[in-house]
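Here the structure is laid out as structure tokens; the discussion comes afterwards.
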Amino acid sequence: MSNLKDLPAQYDHAAAQAKWYPYWEKQGYFHADADDPRPPYCVVIPPPNVTGALHLGHALNNTLQDILCRMKRMQGYNVLWMPGTDHAGIATQAVVERRLFEEEGKTRHTLGKTPQESREKLVARIWQWKEQYEKRILSQLKQLGCSCDWQRLRFTLDDQCARAVRETFFKLFADNKIYRGKRLVNWDTFLQTAVSDDEVFHEPTKGHFWHFNYPVVDPRPGEPTHVTIATTRPETMLGDTAVAVHPDPAKALDKAEEALNRKRLDAPEKEQAEIQAQCDSIAARRKTKLQELETLRDMAKRGVKLELPLTGRTISLIADEWAKPELGSGCVKITPAHDENDYQVWQRNLAIGAINIMNTDGTLNDSVPEKYRGLTMKKAREAVIADMEAAELLVETEDREIELAHSDRSKTPIEPYLADQWFVKMDELAQSAMDAVSDGWVKIIPERYKKTYIDWLSEKRDWPVGRQLWWGHRVPVWEIVVHTTKNVTSEIEREIGDFRDVFNRFIKACGIENDICLVQDERRRVVFRVCARSEEAMSELEGFRKRYKSLSDPPSTDPRFEPELSLRSIATIEPQSEEVLDTWFSSALWPHSTLGWPEQTPELAHFYPTSTLITSRDIITLWVARMVLAGLYNMHEIPFHEVFIHPKILDGYGETMSKSKGNGVDPLDVIEKFGADSLRFGIAYLCTETQDVRLPVEFECPHCHALIPQTKKNRTLPRVECDKCKQPFGTQWSQSHGTAEDQALPRGAAVSERFELGRNFCNKLWNASRFALMNLEDFSAAPVKDSELLLEDRWLLSRLATVTGEVTQALAEYRFADAARSLYGFAWDEFCSFYIEMVKARFAVPEQRAVAQQVLAHVLDSLLRLLHPMTPFLTEEVWQLLGEVAPHRGVLKHDRATKSVCVAAWPEVDEQWIDKTIEAQFAKFQTVMGAVRNIRMEKNIPPREPVQFSVKCDAETVKLLKPMEPYFLSMAGATATAWGPNVLPPERAASKPLEGMEVHVDISAFFDMGAERARLEKERDQLAKFVNSLNAKLSNENFVSRAPANVVEEQRAKLAEVREQLQSVEAALGKLA
RNA sequence: GGGCGAUUAGCUCAGUUGGUUAGAGCGCCACGCUUACAACGUGGAUGUCGGGGGUUCGAGUCCCUCAUCGCCCACCA
């Protein structure tokens, strides 16, 4: 047995963490079996990206999951918390590539001698990175106390996930839900990949607005000889295929004017001038410009061509509604391959065509005149402007601020780019996911986030799933081109038919016919795409392709190879698609792929659908929506019943934390300084429904441990000087932006004082436990009789039952802050400040000792259980110690404590103890105690000085308070001299009127006439004010007649009560005079 | 441009279906190392509940409106 006297006065969080996590793991408490008969409860972790270490947001996310898992485990569920990490395709590759460039000056293309070798080498490096960070992440989760089933650890790029991804892709492919199409994509010229809209951010950039003239080919007399267009991206003119003018400029102007007028009516004054200017501009157009636009429109209808300067090409003048007559010249250039809106115009006017002018690396390609080829878009811009100016076709240059799209990953500008892409058709899939939520199968909490989810899905935009990256699940598709020498359709079709026959024989011979799906390209009929489901099918295709290439390798005479030989002669198979899938494709499968799908495992049967998903609001669309549709598609069943969207962690300025802002906080720093329990409790305490978690951040000086507030300025300094000791220290910013000297400085951790709340609470509980343990050394388990319980025992048991109910209910509804606050108040104010203080006096009386011990041990036991999900280490530490002195605990009935609080039963609400009368009675005692203490302080009576007091109250209250006399002595140093209805204040007393009572403290030794009078006058004024306000209310005819009778009655009673108090104060004052 | 959320003590936040004189923690002031705890105890001070309207006997709470901040989505030749 530990020597309880030697327990440190401060909770040693580091020791507890080191001791208990390994213990839990060894006991296998976190492991869940699929054949366990208990009801399942399953949570899949939102897999953290292996891009870097976990931040506070992860700490919050995982703390909440752990709180629920631990509670459910105690409630008797078979809990599986499925852990894992995400390969985070583009993000991880970008990080590794950037490092490669910074540290070795290499790009991914120069890493190996061949493209193949480069790819392999880069992927190998990313795996190394992944191993390193995954290890770090897992260690962080363990230090946080997360009770994940580590035996089931998964990674979105591991073999099993790969199988699930291929299976899903194959299903979609065979189902005609995956197609290849040319679409305008956001092209990252640095990473040379398409990125999704979600991976693009806009940044205001200083730019210009250039006005160019395009000459008209053979203008008729009286018609314009050129049209003027304006652009912020002049280099794209090389890819123009048309200029558009509105088909009905007059009507469009009317509409614009109408809209403007509507806006003007309710626009604030400061915008009026601007609107007026726009109105004037429309009016001016009516006079001068309309005619011209209508002429241009007519010319467009006639099929007039324009000369596209610098290219020698002619382009069409078309009529399209995209051109807004009220803006610029009223004409707009159309570059379908490099602008989203222009692309839409092309879709309406296919005849104009589209010209892609860019290579994948962001340089201009062979579609532009030779002099521009190979230039970057930026260089091309300068060249185009110079040449247009030289040709006297540059009309005007305006300065203008533009919101320029940047890639979130490489931070370089995005070029819109027409490229072949893999798409998933979203119509039916999105609908199914919408229905799941609108019909209530999946519940989103808080409910307001339903809207985000539904709105996004209802757009049903097809999902571009291909990424031109090397890190990820490679698209399992091969392209086959059928050879043909024929140019008659029917003959070509016959050859295609032959190909199909031979191909089918080939896959049958390989035994992979069930794992192969062949689809013909809609436009190019000789092109086929083959999707492979299994490893075997993939290697057969690859094998065939390789053997095909090396014709020197003579095919075997095995009849099995006959179809292969035929196939060789009629078609070419291209290498497997170079692309990989969007990282969200594998994340979408997470809830079922981690449980073993596509295998029908016992886990899948037992744990799917999972119970709850806990995540952050910014991935409701990217992740949650896609998991629902993927789950429904693959499993025909929702992936989870409830989704809880938790708040975000912000810094003291209300900004999101991020590495690039330098305001991030590493949970390990917080754990080291405050302990994991404090971090967890602090998070739960702040995790309210509507507010984000705002945490002012401080640097902790490594020299003197002073806390220096983090400001927008100092958070991005490579070295910070301590306010107190004036010594410099490094920050997380030094690591990435500092000199070697900065990096060598001792590092100042970024922490937040907000976690002091949790630390103080843990320490309070530790010391209360220590008190209990010290006083339970002679504990012998013996159930108490109901009659032996004193008022304070019943009060505490009543409060415990109530709080148990509150906490259980709050956690069931994801109200973490409510649960934490409820426990905080109960443990600190009721258990510590009152019960323990009272029990001290009882422990001194031998015949009262045993009962008090039983109740104390029991309530501590329950409190530990209730707190365990939030503060697992502390509660386990105390649980073990308590088990040594009091292995059997309870009140009327005893049970043996479990080996660990981890597997202890969650407290039930014991209704028999809930007693509002007792709680009200106890409140009276607390009020009198407060009054006595208050008078002591106000009269400056030294703490050690004993005082005497008397209480005027009814007989009922006397019965209640008399037994409490010892507590007044021990807790307020006050001895009661009289109780009852006829009590009169002593000669020199300080008096306090209370509800139905008067407290008089004898202060003859400290009497100060002036001070006492001042105190009473203040009290009198307050009461008088209250009486007035009540009087006013009650003399209001409307209040008396319209308010509910009970409310009026309450007010009347209150008035009588307050009047009485006022009288007693006035009496006391009179006595002084 | 559309949507969502926030605005309560110096700071960070609670505040149930409208009903006494609006709460907590930190910080602040005073006193106290009383054998669980100074990371503590006891007591105290601190608010035009963002502004303006409205509904109501009664509004921090419901409605309208304005302002500020934050987030999401869309758009910007």
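Chain A is the first sequence line, chain B the second, and so forth, proteins listed ahead of strands; every chain is numbered from 1.
- A/C762 comes within contact range of no nucleotide atom at all, as no heavy-atom separation falls under 4.0 Å.
- The two residues A/F681 and A/A820 have their closest heavy-atom pair at CZ-O, 3.5 Å.
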Sub-3.5 Å pairs of nitrogen or oxygen atoms, protein against nucleotides 5-10 of chain B:
residue	atom	partner	partner atom	Å
B/G5	O2'	A/T690	O	3.4

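- Donor-acceptor pairing under 3.5 Å, judged by distance alone, is absent between the side chain of A/E756 and the base of B/A39.
- For the pair A/L306 and A/V227, the tightest heavy-atom approach, listed with the atom from each and the gap, is CD1-CG2, 3.7 Å.
- Of the residues near RNA chain B, A/V1058 and A/D818, the one whose nearest nucleotide (by heavy atom distance) lies more toward the 5' end is A/D818.
- Closest approach to the A/E459 side chain among B/C73, B/G44, B/C71 is made by B/C73 (side chain taken as heavy atoms from C-beta onward).
- Below 30°, between 30° and 60°, or above 60°: for A/F209 and A/H211 the angle between ring planes is above 60°, a perpendicular geometry.
- Using a 4.0 Å cut-off between a side-chain N of Lys or Arg and a carboxylate O of Asp or Glu, A/D339 and A/K333 do not qualify as a salt bridge.
- Going from atom CD1 of A/I683 over to atom CZ of A/R754 covers 14.0 Å, rounded to the nearest 0.5 Å.
- Two residues, A/D618 and A/P696, neighbour RNA chain B, and the one matched to the more 5' nucleotide by heavy-atom proximity is A/P696.
- Within 4.0 Å (heavy atoms only), A/R1052 reaches no atom of the nucleic acid at all.
- Summarising the base pairing, B/U42 is matched to B/A30 through a Watson-Crick or G-U wobble pair whose two defining distances lie under 3.5 Å.
- Side chain A/E340 to base B/A77: no donor-acceptor pair is found below 3.5 Å.
- For A/K840 against B/A36, a side-chain-to-base donor-acceptor contact under 3.5 Å is present.
- Pairing for B/U48 is absent, with no Watson-Crick or G-U wobble pair whose two atom distances lie under 3.5 Å.
- When both distances must be under 3.5 Å, the Watson-Crick or G-U wobble mate of B/C13 is B/G23.
- Results of the side-chain contact (heavy atoms from CB on, under 4.5 Å) test with A/L56 over A/V693, A/V697, A/L679 single out A/L679 as the only residue that passes.
- Residue contacts shown for A/K333 are absent, as no nucleic acid heavy atom lies under 4.0 Å away.
- Contact annotation: side chain of A/K451 to base of B/C4, donor-acceptor pair absent below 3.5 Å.
- No contact: A/I229 has no heavy atom under 4.0 Å from any strand.
- Nucleic acid contact class of A/D692 (heavy atoms, under 4.0 Å, all strands): sugar-phosphate only.
- In this structure B/A36 sits in no base pair that meets the Watson-Crick or G-U test at under 3.5 Å.
- To the nearest whole angstrom, the two C1' atoms, one in B/C33 and one in B/U42, are 14 Å apart.
- The gap from the C1' atom of B/U35 to that of B/G41 amounts to 15 Å, rounded to the nearest Å.
- A salt bridge between A/R821 and A/E806 is absent, with no side-chain N of the basic residue lying under 4.0 Å from a carboxylate O of the acidic one.
- For B/G58, there is no paired base (Watson-Crick or G-U wobble, both distances below 3.5 Å).
- Between A/K992 and A/E1019 there is a salt bridge, with a side-chain nitrogen of the basic residue lying less than 4.0 Å from a carboxylate oxygen of the acidic one.
- Looking at heavy-atom distances under 4.0 Å, A/W322 makes contact with sugar-phosphate atoms alone, never a base.
- Base pairing annotation: B/G5 forms a Watson-Crick or G-U wobble pair with B/C69, both donor-acceptor distances under 3.5 Å.
- Backbone-only engagement by A/R944 is indicated by non-hydrogen atom pairs under 4.0 Å involving sugar-phosphate atoms exclusively.
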